[in-house]
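Note that the structure is predicted; figures quoted are calculated from it, not measured. The sequence lines fix the lettering, A, B, ..., with proteins before strands; numbering per chain opens at 1.
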Amino acid sequence: MRRTRLFLPTLKETPAEAQVVSHRLMLRAGLVRQSAAGIYTWLPTGLRVLRKIAQIVREEQDRAGAQEVLMPTIQPAELWRGSGRFEDYGKEMLRITDRHDRELLYGPTAEEVITDIVANEITSYRDLPKNLYNIQWKFRDEVRPRFGVMRGREFLMKDNYSFDLDKAGAVHSYNKMFLAYLRTYARMGLQAIPMAADTGPIGGDLSHEFIILAETGESSVFCDKALLALDAPGDDIDYDVNLQDLVDQWTHYYAATDERHDQANCDVANDQLVTARGIEVGHIFYFGTKYSEPLGATVQGSGGQKITLEMGSYGIGVSRLVGAIIEASHDDNGIIWPESVAPWTVGLINLKVSDADCTATCERIYAELKAAGVATIYDDRDERAGGKFADMDLVGIPWQLTVGPRGLKDRKIEVKKRAGGEKSEVTIDALGDWIAARAAL
RNA sequence: CGGGAAGUAGCUCAGCCUGGUAGAGCACUACGUUCGGGACGUAGGGGCCGGAGGUUCGAAUCCUCUCUUCCCGACCA
C-alpha cells in the first residue's frame, strides 16, 4: 500500500487519555481511535493486525479439530434465564429492550447460545464429540475500562465450547485446547504460561489462565523458571492420542497469579522462582454439566439411556492480544511487531521522491514485493527523511528498506531490521533473493 | 461502586485565581530556503472555551446542575 493513499493517522504526541504504553502506541501508530470509554474503532493498520491474530487463532483451532461458527452479538434474555445467569451476571451485562419490549442482551460470552444449538441439533452419542468456536465481538460493561484495548468494554474474543459424552472425553478436549493455546501464542512470538485459575462466573472445577509476562501486566504472577524454558508443541503434534503426559509437562511446575499464590505452598527455591507482572490472554474451563443440565443438552447413548453432555469452554482475547503483544514488544521509538502479526512485513522508504532514479528504483522494488506477495507499505510521501524513519519505527514494520540517492550511487539500498535495529546494505541486484526469502514466510 | 482529577483549534497545553473582542507549539494550506533519523522563514485557514441554567452592563473566567474522559481502589476475557 502506498503511504500517500493509506489512511494511517500517526501522532507525534500522545493523547492525554492514554496512560499505558500499548494504548499510547496504538493511538500514536494510528491503529485505533476511541469512540467511547472502552470502545474503539479499528483503523486499517490496526485491523490488519487484529485479523492476523484472529487468523492464527483460527488455524490452530482448526488444527485441533474445532469448527468455526458465528453466533450473534445480541442474544435473547430467556436463554440466559434458562441457565440462571440473567440474574447472576450483574451489571456487567448490557441489557437491551427492543420495540416489542422483548429483553435482549449484548453477549458477554456464549455458553447459552451454543448449548441451545447443540441441545436442539445433536441427539445421538454418535454425533459427539464436537468442539465449536467463534470469533465474535463481545461486550462487558466494565465499571472502569482502561489500558486501551486490553481492558475494553467491547472486545473481540475467540470462544469455543466442547461437548463430550463423559468426563474422560471432556478432559481430552480440554487438553487439546491447552496445547493448541500454547501453539497459538508461540506463533505470535509470545511465551504464554498456563496457570491454575479460579473459575469465576463461568464455573467449573478445572481451569487454566494463560499469562504472558510484561512489565505493565495487570496482576502479579509467580512461577517456576523452568516453565520459561519449555517449548510449545511443534507442527507434528497429534491431537488424537492421549495428551495427558504432554499437558502434565507444563502443569506440574508451580505457577500462580497473585490471587492464588500461597507462599506457604510454594516449594520453588527462591532463585528458581520468577516473580513478575502478567497479562491474561486466554482462559480455559472444564465445567461438566453446569450448562448442559439446565439447558437440556442431552443425547441418547448406545443403550438408549439419556446422557447429559460434559462441557468445557475456552477463550482467547483476540483484541486484547493486540495490546498485549505491544506491551511485550516495543521500545522508545514504537512498536516492534513479530513478523507473524505485523500489519506489513516490509516498509519501503523513498528518501527523495523528487529524484527520478530514486523513485523509479522504489517503484520497481515495490512492484517486485507486491508480485512476491510480501505485504508492503511504500512511503512515497514527499516528506523529510526523519519523519519517514520515525513513522516506520512507530508503526513497527519488521523490515525497512531505505532507498536514497546516496546509496544508489553504489546501487545499494539499506535494510534495517526493526527488532534490534541492525542495518545492512544490499545491492539492488541481490534484492531479489532477499524478497524471495521474505515471500517464503 | 467509593475516592481523586480534567474537559479551551485535529494533538499537547496556556488563559480562569483578580470577568472586558480567543492564545502558543505541533499538525494543516500556499510560497521560499532546506533535505539520509520528526528543519526554518513568511503568509493563511481552523474554536458556541463539553452542555444547560444562573449572577452580571458584560462570563472561557464566578455559582448550580448535568454529560464526558482519565487516574487510584474494589471488580474482570
_Going by side-chain contact (heavy atoms from CB on, under 4.5 Å), name the residues that satisfy it together with A:Ala119, two or more places apart in sequence or in a different chain._
A:Ala297

When the [atom1] atoms of [N] and [M] are considered, how many whole Å apart are they?
{"N": "B:C48", "M": "B:C67", "atom1": "P", "answer": "23 Å"}
{"N": "B:A6", "M": "B:U64", "atom1": "P", "answer": "15 Å"}
{"N": "B:C11", "M": "B:C76", "atom1": "C1'", "answer": "32 Å"}
{"N": "B:U68", "M": "B:G51", "atom1": "C1'", "answer": "10 Å"}
{"N": "B:U69", "M": "B:U42", "atom1": "C1'", "answer": "39 Å"}
{"N": "B:C71", "M": "B:A30", "atom1": "P", "answer": "38 Å"}
{"N": "B:G20", "M": "B:U56", "atom1": "C1'", "answer": "12 Å"}

Go through the structure and list residues passing ring pair (Phe, Tyr, Trp, His ring centres under 6.0 Å) with [X], not counting sequence neighbours.
{"X": "A:His172", "value": "none"}
{"X": "A:Tyr253", "value": "none"}
{"X": "A:Phe86", "value": "none"}
{"X": "A:Trp80", "value": "A:Tyr89"}

Interatomic distance, [X] [atom1] vs [N] [atom2] [rounded to whole Å]:
{"X": "A:Glu142", "N": "B:G73", "atom1": "CD", "atom2": "C1'", "result": "15 Å"}
{"X": "A:Arg33", "N": "B:U69", "atom1": "CZ", "atom2": "C1'", "result": "16 Å"}
{"X": "A:Gln400", "N": "B:G37", "atom1": "CD", "atom2": "C1'", "result": "11 Å"}
{"X": "A:Lys388", "N": "B:A39", "atom1": "NZ", "atom2": "C1'", "result": "15 Å"}
{"X": "A:Asp379", "N": "B:G38", "atom1": "CG", "atom2": "P", "result": "15 Å"}
{"X": "A:Asp382", "N": "B:C31", "atom1": "CG", "atom2": "C1'", "result": "15 Å"}
{"X": "A:Asp258", "N": "B:C75", "atom1": "CG", "atom2": "C1'", "result": "13 Å"}
{"X": "A:Asp88", "N": "B:C76", "atom1": "CG", "atom2": "P", "result": "14 Å"}

With a 4.0 Å cut-off on heavy atoms, is [X] in touch with a base, just the backbone sugar-phosphate, or nothing at all?
{"X": "A:Ala18", "answer": "nothing"}
{"X": "A:Gly387", "answer": "base"}
{"X": "A:Asp391", "answer": "base"}
{"X": "A:Pro405", "answer": "base"}
{"X": "A:Lys91", "answer": "sugar-phosphate"}
{"X": "A:Gly152", "answer": "base"}
{"X": "A:Gly404", "answer": "base"}
{"X": "A:Ala37", "answer": "sugar-phosphate"}

Using Watson-Crick or G-U wobble geometry with both distances under 3.5 Å, which nucleotide pairs with [N]?
{"N": "B:C70", "result": "B:G4"}
{"N": "B:C26", "result": "B:G10"}
{"N": "B:C75", "result": "none"}
{"N": "B:C65", "result": "B:G51"}
{"N": "B:G41", "result": "B:C31"}

*Determine whether any donor atom in the side chain of A:Arg151 lies under 3.5 Å from an acceptor atom in the base of B:C75, or the reverse, and answer yes or no.*
yes

*Checking only heavy atoms, does the side chain of A:Lys423 share a donor-acceptor pair with the base of B:G36 at less than 3.5 Å?*
no

*Sequence neighbours left out, what passes salt bridge (Lys or Arg N to Asp or Glu O under 4.0 Å) with A:Arg381? Give chain and number order.*
A:Asp379, A:Asp391

*For atom CD of A:Glu87, decide whether the heavy atoms of other residues, nucleotides or ligands shown that lie under 6.0 angstrom number more than 12.*
yes

*asked:* Would you say that more than 12 heavy atoms from the other residues, nucleotides or ligands in this model lie under 6.0 Å from the CZ of A:Arg277, or not?
replied: yes

*Heavy atom of residues 408-416 of chain A under 4.0 Å from RNA chain B: which residues?*
A:Glu414, A:Lys416

*Check each residue of residues 50-67 of chain A for a non-hydrogen atom within less than 4.0 Å of any atom in RNA chain B, then write out the ones that pass by number, or none.*
none

*Could you tell me if the ring centre of A:Trp399 sits under 6.0 Å from that of A:Trp434?*
yes

*Could you note down all residue pairs passing salt bridge (charged side-chain N to carboxylate O under 4.0 Å, His left out) where residues 170-180 of chain A supplies at least one of them, sequence neighbours left out?*
none

_Given RNA chain B, 5'-ward residue of the pair A:Leu351 and A:Pro145, judged by closest heavy atom_ = A:Leu351

How are the rings of [X] and [Y] set relative to one another: parallel (under 30°), tilted (30 to 60°) or perpendicular (over 60°)?
{"X": "A:His23", "Y": "A:Tyr40", "answer": "perpendicular"}
{"X": "A:Tyr174", "Y": "A:Tyr314", "answer": "tilted"}
{"X": "A:Phe210", "Y": "A:Tyr185", "answer": "tilted"}
{"X": "A:Tyr291", "Y": "A:Phe287", "answer": "perpendicular"}

*Taking atom types as modelled, find out whether A:Lys158 and A:Asn160 have a side-chain donor-acceptor pair closer than 3.5 angstrom.*
yes

*Is a side-chain donor-acceptor pair under 3.5 Å present for A:Tyr161 with A:Asn131?*
no

*For each nucleotide in nucleotides 4-16 of chain B, reading 5' to 3', give B when a protein heavy atom comes within less than 4.0 Å of its base, S when such contact involves only the sugar-phosphate, and - otherwise.*
-------BSS---

*Hey, could you give me the CD/CG distance between A:Gln191 and A:Leu230, rounded to the nearest 0.5 Å?*
7.5 Å

In terms of side-chain heavy atoms of [X], which of [options] is nearest?
{"X": "A:Val143", "options": "B:C1, B:C76, B:C75", "answer": "B:C1"}
{"X": "A:Gln19", "options": "B:C71, B:C76, B:G36", "answer": "B:C71"}
{"X": "A:Lys12", "options": "B:U69, B:C71, B:G38", "answer": "B:G38"}
{"X": "A:Arg144", "options": "B:C1, B:C76, B:C75", "answer": "B:C1"}

*Does A:Gln34 make a side-chain N or O approach to OP1 or OP2 of B:U68 shorter than 4.0 Å?*
no

*asked:* So, OP1 or OP2 of B:G38: does either fall under 4.0 Å of a side-chain N or O from A:Arg384?
replied: no

*Any side chain to side chain donor-acceptor pair (under 3.5 Å) involving residues 418-428 of chain A? Give me the pairs, sequence neighbours left out, ordered by first then second residue.*
A:Asp331-A:Arg418

What protein N or O atoms touch nucleotides 43-45 of chain B N or O atoms at under 3.5 angstrom, if any, and at what distances?
none

